[in-house]
Amino acid sequence: MNLPERFTQRMQNLLGTEYEQFLGCYEQERRQGLRVNTAKISVEDFLNLTPFSLTPIPWTDNGFFYREEDQVTKHPHYFAGLYYVQEPSAMVPAGRLPVEKGDRVLDLCAAPGGKATELGARLGGTGVLVANDVSASRAGALLKNLELFGIRNAFVTAETPERLLQRFGPYFDKILVDAPCSGEGMFRKTPGLIKSWMERGPEYYAPLQKEILSCAVRMLCPGGMLLYSTCTFSAEENEQVIGETLEEFPELELADAKWYPGFSAGLPLPERPAFPAEKCIRIWPHKMEGEGHFAALLRKKPEEGKPDRRIPAGRRTEGTAALPETVQSFGKELGLAWPEKGTVFQKQENLFLIPEEHSMPSGLRYLRTGLLLGTEKKKRFEPSQALAMALKRENCKNVLDLSARDPAVIRYLKGETPETEEAARCFNGWVLVCCDGYPLGWGKYINGSIRNKYHPGWRLR
């Protein structure tokens, strides 16, 4: 790999005797990883179900290395949202932010969704997740991954940090800032980043990172915690950003993150001798089976005599409604156990279920508000792909459950008619199509045949 001289010289000065070992890792094959969606399946059950030969990733409880020859993104279990394919080191940030049930969580730079899906899974349907990306196009991929994972308590926005700060204020218990960076740690995975690094290096990103982090800190409740991460080696984008943020916000302190023996401490800052670099996490590709990463966990000190949680300004309450009769009829027909908690929000033909007590502020660009139940057209209800993914097989009476080994499941994922003897067990109307007990999407049983209703944009190519 042809690395820029400016980069190699800096890394040689930084690593000293370790530099040759670091350089050698660029000639080695990188490891591939997947992370189990514990919102849908336990790690134990997944290992009993999956056909892949997996090796545990030691720094995360639900991550595994897989072999390159295993086509994990073509398998039906991938389309059922049972796992997410993710670079192994990238599993560290969401795993080190101590999310608890009921938390209000913000993933500020969330696309394409690797970290947001893990945060949503750990919430377990409680609290609320706001997943944001300033780019609406990137936020679209984020939305798909959250829906694939069956995360029903998420709000997806495409806003600047400044706009979110204006509308929320100090609202969140936990915040993840996986900041845009120069990407030095990803050169082996994505060599194309070298060209962009030469055009926009650390000196471009560091001021941007400080602005983003400054907004994030002000959206954090007193007593809350924030995880800042990058995939770069540059101290200018890592320790220096944290050091300057600690000076700007004296109410912050560096917290101890869950450690793994392969982690390295952060770099000291000579101009800030009191900086606790040992509390930062650095991942070097020549020391661990992953790419380069940095992470630092920050805690905002509680304010004595003041509540930790704040309510965002301008709650989004317009358009609330009871569950329409068409939706109730649909639920009764399939024997669905509809959620008892939450607010139904109707916008034109679309119906959303908003998590209880978590109405969002108005004036923001939303791609999704809660769970999209479906659309109501001409007194008929059409269930959404997101609803199918949020259900469990046992929630529904009319089910076509296919084995991953059945060719019919691949036909279904390609948008074709899933001809199978199993269809004879269904009755007329909407059918929840599953694979090994986990939903894939909808079909409609009419006159002895299943009409394919799988989302066109999600089909297997």
Side-chain angles (χ1 to χ4, degrees), residues 30-37 40-41 46 49-54 64-87 90 110-114 116-117 131 133 135-151 156 186 189-192 367-368 372 374-375 382-391 400-420 422-423 430-444 449-461:
R30 66 182 186 89
R31 299 299 302 272
Q32 315 276 350
L34 64 81
R35 196 193 69 248
V36 178
N37 178 8
K40 289 195 173 190
I41 188 171
F46 177 76
L49 181 66
T50 187
F52 303 127
S53 177
L54 303 175
F64 296 87
F65 296 112
Y66 66 88
R67 300 175 304 180
E68 189 171 358
E69 59 264 31
D70 289 331
Q71 294 186 315
V72 296
T73 59
K74 301 290 186 181
H75 196 275
H77 294 165
Y78 176 77
F79 290 84
L82 299 191
Y83 55 87
Y84 185 94
V85 175
Q86 189 172 30
E87 194 281 308
T117 48
D133 198 277
S135 165
S137 60
R138 290 198 303 266
L142 164 66
L143 171 59
K144 178 190 173 180
N145 283 318
L146 288 169
E147 290 184 337
L148 184 65
F149 257 49
I151 307 300
V156 179
M186 294 291 122
K189 178 187 175 187
T190 313
L367 275 71
R368 181 68 79 245
L372 174 62
T375 58
E382 299 245 344
S384 72
Q385 178 71 29
L387 176 60
M389 303 309 292
L391 293 173
L400 174 61
D401 195 1
L402 303 170
S403 166
R405 297 183 297 274
D406 189 336
V409 76
I410 298 299
R411 290 198 294 271
Y412 174 76
L413 291 172
K414 289 183 175 181
E416 301 168 4
T417 300
E419 297 175 357
T420 174
E422 298 294 321
W430 288 98
V431 177
L432 184 65
V433 181
C434 298
C435 175
D436 293 331
Y438 297 92
L440 294 172
W442 296 106
K444 207 164 188 181
S449 177
I450 299 284
R451 290 187 182 178
N452 196 317
K453 295 292 184 179
Y454 189 58
H455 192 293
W458 290 26
R459 290 175 182 170
L460 178 61
R461 307 297 179 189

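Computation of the quantities below employed the complete heavy-atom set of this structure, encompassing side-chain atoms and omitting hydrogens, waters and symmetry-equivalent molecules.
The local environment of CZ in R451 is sparse, with at most 12 non-hydrogen atoms from other residues, nucleotides or ligands closer than 6.0 Å.
Between Y78 and Y83, the two ring planes are tilted [angle within 30° to 60°]. Ring geometry, F64 versus F46: the interplanar angle falls from 30° to 60°, so the pair is classed tilted.
Within the model, atoms OG1 of T50 and CG of L34 stand 7.0 Å from one another, a figure rounded to the nearest 0.5 Å. The CG atom of L146 sits 10.0 Å away from atom CZ of R368, with the distance rounded to the nearest 0.5 Å. With rounding to the nearest 0.5 Å, the separation of CD in E422 from CD in E419 is 14.0 Å.
No side-chain heavy atom of V409 sits under 4.5 Å from any side-chain heavy atom of F79. With a 4.5 Å cut-off on side-chain heavy atoms, L440 and L402 do not count as touching. In this structure, V85 and Y66 have side chains that are in contact, with non-hydrogen atoms separated by less than 4.5 Å. Inter-residue side-chain proximity for P418 and V433 is flagged as unmet; no heavy-atom pair is nearer than 4.5 Å. For the pair R35/T117, a side-chain contact is recorded, criterion being any heavy-atom separation below 4.5 Å from C-beta on. Residues C434 and L400 form no side-chain contact, since every pair of their non-hydrogen atoms from C-beta on lies 4.5 Å or further apart.
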Steps toward side chain to side chain contact (heavy atoms under 4.5 Å, CB included) verdict (L82, L49): CA-CA 10 Å; L82 299 191; L49 181 66; 4.0 Å; yes
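In this structure, the side chain of S403 engages the main chain of R405 through a donor-acceptor pair within 3.5 Å. Side-chain N or O atoms of N145 include one that pairs as donor or acceptor with a backbone N or O of P112 at under 3.5 Å. A donor-acceptor pair is defined here as one N or O able to donate and one able to accept, closer than 3.5 Å; such a pair exists between the side chain of D406 and the backbone of A408. When atom types are taken as modelled, the side chain of N452 and the backbone of Y412 share a donor-acceptor pair closer than 3.5 angstrom. Put simply, the side chain of K189 never gets that close to the backbone of E87: no donor and acceptor are under 3.5 Å apart. Side-chain N or O atoms of W442 include none that pairs as donor or acceptor with a backbone N or O of Q385 at under 3.5 Å.
Using a cut-off of 4.0 Å between Lys/Arg side-chain N and Asp/Glu carboxylate O, K414 and E416 are scored as not salt-bridged.
Nearest approach of G140 to L367, heavy atoms of both residues: N-CD2, 3.8 Å. Closest approach of K40 to G81, counting heavy atoms only: CD-O, 3.8 Å. Taking all atoms of both residues into account, the shortest heavy-atom contact from V156 to A139 is CG1-O, 4.0 Å. Closest of all the heavy-atom pairs between L413 and P76 is CD1-CA, 4.0 Å. Of all the heavy atoms in G114 and Q86, the pair that sits closest is C-NE2, 3.5 Å. R411 and T417 get closest at one heavy-atom pair: NE-O, 3.6 Å.
In this structure, the salt bridge (charged side-chain N to carboxylate O under 4.0 Å, His left out) partners of D401, at least two apart in sequence or on a different chain, are R393. By the side chain to side chain donor-acceptor pair (under 3.5 Å) test, N37 is found to be paired with no residue, residues two or more places apart in sequence or in another chain being considered.
You'll find the ring centres of H75 and F52 inside the 6.0 Å limit.
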Using atom types as modelled, flag every donor-acceptor pair under 3.5 Å from a side chain in residues 453-461 to any protein atom, sequence neighbours excluded.
from : atom 1 : to   : atom 2 : distance (Å)
Y454 : OH     : W458 : O      : 3.4
H455 : ND1    : G457 : N      : 2.9
R461 : NH2    : P456 : O      : 3.1

